[in-house]
Amino acid sequence: MADKVIVTNWSALEKKYGRGLPRIRRALARLIAADQEERGITTEVVGLDSRVEMGSARRRAVTQADDEAQVKAAVDAVHAAHTPDYLMILGAWDVVPMQQLRNPVRDDEDKTVPSDIPYACAAPFDRDPARFLGPTRVLGRLPDLVGRKDPAYLVSLLGTAARSSSRPRKEYQRYFGLSAEVWKVSTALSLIKVFGTAEEILSSPPRGPSWRNAQLAPRAHFINCHGGASDPKYYGQPAERVRYPDAHRASRLPGRVSNGTVIAAECCYGAELYDPKDSRGQPGICSTYLADGAYGFFGSTTIAYGPSEGNGQADLICQFFLSAVLDGASLGRAALEARQRFAALHTHMDPTDLKTMVQFYLLGDPSVHAVAGASHAFSRSKTFQRVFHGAKATPGARAFRRERLARTGANLQRTLGAVEPSRARAPSGVAKTLSQAANESGIIRVLGRQAYSVVFPPSASAGVKRFAAARRKRQVFALVGRKSTRGRVKRTVVLVATVENGNIVHMRRVHSR
Amino acid sequence: MTWRGNVVRERLSAGSKSEHQAIVLVTEAGERFKLRRRGGNPFQDPTLDPLEGKRIECEGILRGYQIIMTRWKVLD
């Protein structure tokens, strides 16, 4: 049994790197040795395409690297055979594919949502994101560069992971907090929740993108800006004008990122892995941070969501990730706990919640502990030291945490509902109320009305039977409209009504960001 | 790859963190793609503004719903 399993596809790596593959194998050997010697972790590498290495999982090896169903089944088999505490995918999506899930948001341009969450779940291969609401595995992806032939990048990232060390929490208490000016209030709220203060917040405009070394030096980065597909920049936006100045540039990062930096980025496409040739050879911001010594990057593969005021969706899942990192969780556990905490906030997930759940993922070695966990005084006692051979924590501690995470994930999978598009018409009273709310909200043009049914797993009623009747008849109706504000700024407003037995039981208003 | 079609301005990613008015190509087959200049700002690129209302031919690569253009010309 290994504590950590690294899954990859040797033939895909060989196809990319040819004679460079031995360099990657040697870097992997150094990581395995460092895991054992420095962290007491037993690590094993499994090539999903290797008949020999898949033999222990009693599963046929993957014959086509980009066959998502094959790869998902192979990863599940490896996990079942080894039951590792950490599961790491080695390589970008052209080595081990991301799972293309159906986009639950009907009104945005993403045809699918590339996701790693199915690899964190025991549920079998499926395109439906609602099948993956109960993640239980501590997972991360250490990526290489899409389409590149030089192994130096991946060797460098493996070296960063091998040399990683935990630092005291105070080393991560200072932050680089960057916000589009238009979302400054929301970002400040996030920073206060994670760090206890928002005094150091930087907003674009007027600041950026030429951040000074001292501004980028903090090891915790929280970024809430615009992002685009295949783009090495993030963008700001003034509060009252339609303008998108550069806020953060990948090209400005090399040599300026502190070793061990951990980043949570809310931006659309903030953690998209794209072929650098799409952008004049410049890899994305996430890839560049990792190349410059960052330990982990938590971000989105696609268009992300959040409210204009307060916190929601992307704000919350990023907060949960960084908070767990600061509390001493491994990066992989922080990502898993962020997903579980986000899921646990809901009785059922609306389309944007569901997309948030599956689009955010961790880039980095999931076993890395950026922040050292606080130990109890008893662990320094002679008895403890004698029984556990000088360890700072009991061997059971991690096992208990995994048991708790598995229980939480299993409960979520069994109990959490999600929306499915429906053709139902809103009851006349509901439609009227939404129209009245639209008028009151300053909506000048209705862009669309949507209907969803809320579907719960069959096992969801256990222990909550008194809610079963209401749940069976729960529907969600949404009105999307455009609001006119000062000047040329136009904002989209989404009004969401949750309905039971024809009566509105909950309403919320989400503003475009 | 090469595409031909009419250029319009449309609201994209409505309700998301990155809703914006984009320059969109409507092809002769009726498909819609966001147009972006390679290296250009994906949310606002004054270089592309004059294309609105024109019929164009463009070359580039398709990434998701957007064409990253390397070359384009106005047809009429």
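The sequence lines fix the lettering, A, B, ..., with proteins before strands; numbering per chain opens at 1.
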Atom CZ of residue position Arg9(B) - does it have more than 12 heavy atoms of other residues, nucleotides or ligands inside 6.0 Å? yes

If one checks every heavy atom of Arg63(B) against chain A at 4.5 Å, the contacting part turns out to be side chain

Report the distance from atom CD of Glu109(A) to atom OG of Ser16(B), rounding to the nearest 0.5 Å. 7.5 Å

Distance (rounded to the nearest 0.5 Å) between Tyr305(A) OH and Ser13(B) OG: 6.5 Å

Bottom line for Tyr235(A): the part with an atom under 4.5 Å from chain B's heavy atoms is side chain

Contacting moiety of Tyr269(A), where chain B heavy atoms sit under 4.5 Å: side chain

For chain A, find its close neighbours in residues 24-37 of chain B: heavy-atom separation under 4.5 Å, sorted by number, or none. Arg36(B)

Please list, in residue-number order, every residue in residues 45-62 of chain B that has a heavy atom less than 4.5 Å from any heavy atom of chain A; write 'none' if there are none. Ile61(B)

Contact winner vs chain B - Lys111(A), Lys355(A), Arg243(A), Lys233(A), heavy-atom pairs under 4.5 Å: Arg243(A)

Please determine, among Asp110(A), Asp246(A), Ile303(A), Asp278(A), the option with the most heavy-atom pairs under 4.5 Å with chain B. Asp278(A)

With a 3.5 Å distance limit and no angle check, can you tell me whether Gln66(B) reaches the backbone of Ala229(A) through a side-chain donor-acceptor pair? yes

What are the two closest heavy atoms between [X] and [Y], and how far apart are they?
X	Y	value
Gly228(A)	Pro42(B)	CA-CG, 4.2 Å
Gly40(B)	Asp231(A)	O-OD2, 4.3 Å
Val242(A)	Gln44(B)	O-NE2, 3.0 Å

Give me the ring orientation class for His226(A) and Phe43(B): parallel if the planes are under 30° apart, tilted from 30 to 60°, perpendicular past 60°. tilted

